[in-house]
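Here the structure is a predicted model, which means the values were calculated and not measured. Indexing begins at 1, ligand by ligand and atom by atom, following the structure's order.
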Amino acid sequence: MSNLIDSFGRQITYVRLAVTDRCNLRCQYCMPAQGIDIVPKQELLTFKEMYRLIRVLTELGVKKVRLTGGEPFVRKDFVGFLEMLSHNDLLDAINITTNGALISKHINTIEKLEKVKNINLSIDSLQREKFTKITRRDVFPEVYKTFELLEKSSLNLKLNVVVQAGFNTDEILDFVKLTEHKNVAIRFIEEMPFNGKGQREIQENWTYKKILEEIQTQFNVVKIKSEKSSTSQNFSIENHLGTVGIIPAFTRTICSDCNRIRITSTGTFKNCLFDDGVFNLRDFIRKGASNEDLKELFLSLVKQKPANGFIAEGNRKKGDVTESMSTIGG
Ligand code: SAM
Ligand code: SF4
């Protein structure tokens, strides 16, 4: 069986699939207050189409899928889709990124799905008022409840914190303190300046280096050996149950070990977060492409994967990245 190997010898084993472009929150760094222009429902991939695309990819060596969006739990019967995907015997892991506002009632069901292993919960502040300002929705109590339930569950939990100058940089140390008694991996993400033309100007650049320096003002961190393709540099702290990590999303120092591709909710294939989409899979399958056609296509598409995110950005025909992460599939 052929595997997906790009022209730099990187093997693709991970796909990020956005199951919707819709969201119940309006995070200021992700979209404007009025939301983004969502596409008509018939333009979204159906769950059946998603299942098929993932199945073909797993036959080419993909082992893991991350389901994201938009907010995955906004899509009707998303939990049913998790059950459906679990039937794919070639998949090792199904991971989910969520804002946590709609999931507390589903946690028991999800825990029973053997392949669902990792949940990334986005939570940018531990203070209700600030959380409301950032997400433009007053749902902190529900998200925090989800956090506590997930922490006690058998699922492996990571918290995503987008570091936003002037908003939550004063909470970096509070988040690190959480790891003392909670078995959770906190990952600070560099804010990227694209938010669906949301007019948010980033005042001060909180780079990987600056975030690390802030943590080191109070904690002695020790670098942990992470998986080669990990998106974060991870650290432990003596006597802390959890760990901390930093994702250099914008400074892009992780590209050489990238093992990922993306599929947006409308079926656009992306080799990189920063490219402008290289192929419309939805139209291809709706015109009758067979699984063999899809395989051939995937094998050739990954050969176009650029060496890194800067090159991908430079190759864009649509100019600078302005799309919301909700459209791209974060
Ligand atoms: N709605 C889900 C959530 O918020 O977790 C999944 C989709 S969201 C687009 C995925 C991740 O992208 C979240 O952790 C979010 O914080 C992050 N994200 C969105 N816009 C970003 C930006 N401009 N810079 C950095 N991270 C961003
Ligand atoms: Fe929605 Fe996630 Fe974007 Fe926030 S980051 S607006 S929760 S898609």
Cationic N near anionic O, under 4.0 Å, D138 to K133: no
N/O separation below 3.5 Å, E71 to ligand 1: yes
Working note: K210 + E214, criterion salt bridge (Lys or Arg N to Asp or Glu O under 4.0 Å); need CA distance, chi angles, decisive distance, verdict. CA-CA 6 Å; K210 196 168 163 69; E214 173 72 7; over 6 Å; no
Residue selection (non-hydrogen contact nearest atom 11 (C) of ligand 1) among I123, V19, T97, T135: T97
Atoms in ligand 1 with a heavy atom of T68 nearer than 4.0 Å: 6 (C), 7 (C)
Geometric N/O contact S122 with ligand 1, under 3.5 angstrom: yes
What part of N160 sits under 4.0 Å from ligand 1 if we count only heavy atoms: the side chain, the backbone, both or neither? side chain
Students often mix this up, so state it plainly: with edges at 30° and 60°, are the rings of F73 and F78 parallel, tilted or perpendicular? perpendicular
Grab the two heavy atoms, one from G100 and one from L121, that are nearest each other, plus how far apart they are. CA-CD1, 3.4 Å
Please determine whether salt bridge (Lys or Arg N to Asp or Glu O under 4.0 Å) holds for the pair K287 and D293, giving the CA-CA distance in whole Å, both sets of side-chain angles, and the decisive distance to 0.1 Å. CA-CA 11 Å; K287 278 186 193 136; D293 295 335; over 6 Å; no
Can you confirm, on distance only, whether ligand 1 has an N/O atom lying under 3.5 Å from any N/O atom belonging to D124? no
Short version for L121: what comes under 4.0 Å of ligand 1, heavy atoms counted, is neither
Of the non-hydrogen atoms in H240 and F219, which two are nearest, and what is the gap between them? CE1-CE2, 3.7 Å
Please say whether E191 places an N or O atom under 3.5 Å from an N or O atom belonging to ligand 1. no
Taking the non-hydrogen atoms of G70, is any one of them nearer than 4.0 angstrom to ligand 1? yes
Can you confirm whether N271 sits close enough to P306 that some side-chain heavy atom of one is under 4.5 Å from a side-chain heavy atom of the other? yes
Per-atom contacts of ligand 1 with E190, taking only distances under 4.0 Å to non-hydrogen atoms: 25 (C)
Take the angle between the ring planes of F250 and F274 and call it parallel below 30°, perpendicular above 60°, tilted in between. tilted
Between E71 and the options N24, T97, T20, N99, the side-chain hydrogen bond (donor to acceptor under 3.5 Å, both in side chains) test singles out N99
Which heavy-atom pair separates C258 from K305 by the least distance, and what is that distance? SG-NZ, 3.2 Å
Numbering the atoms of ligand 1 from 1, which are under 4.0 Å from a heavy atom of N99? 2 (C), 3 (C), 5 (O)
Is any protein N, O or S atom closer than 2.8 Å to atom 4 (Fe) of ligand 2, and if so, which? C27 SG
Tell me whether G69 reaches ligand 1 (any heavy atom closer than 4.0 angstrom to a ligand atom). yes
Determine the interplanar angle of the F147 and Y144 rings, folded into 0 to 90°, and report it as parallel if under 30°, tilted if 30 to 60°, perpendicular if over 60°. perpendicular
List in chain and number order the residues that pass ring pair (Phe, Tyr, Trp, His ring centres under 6.0 Å) with F188, two or more places apart in sequence or in another chain; answer none if no residue qualifies. none
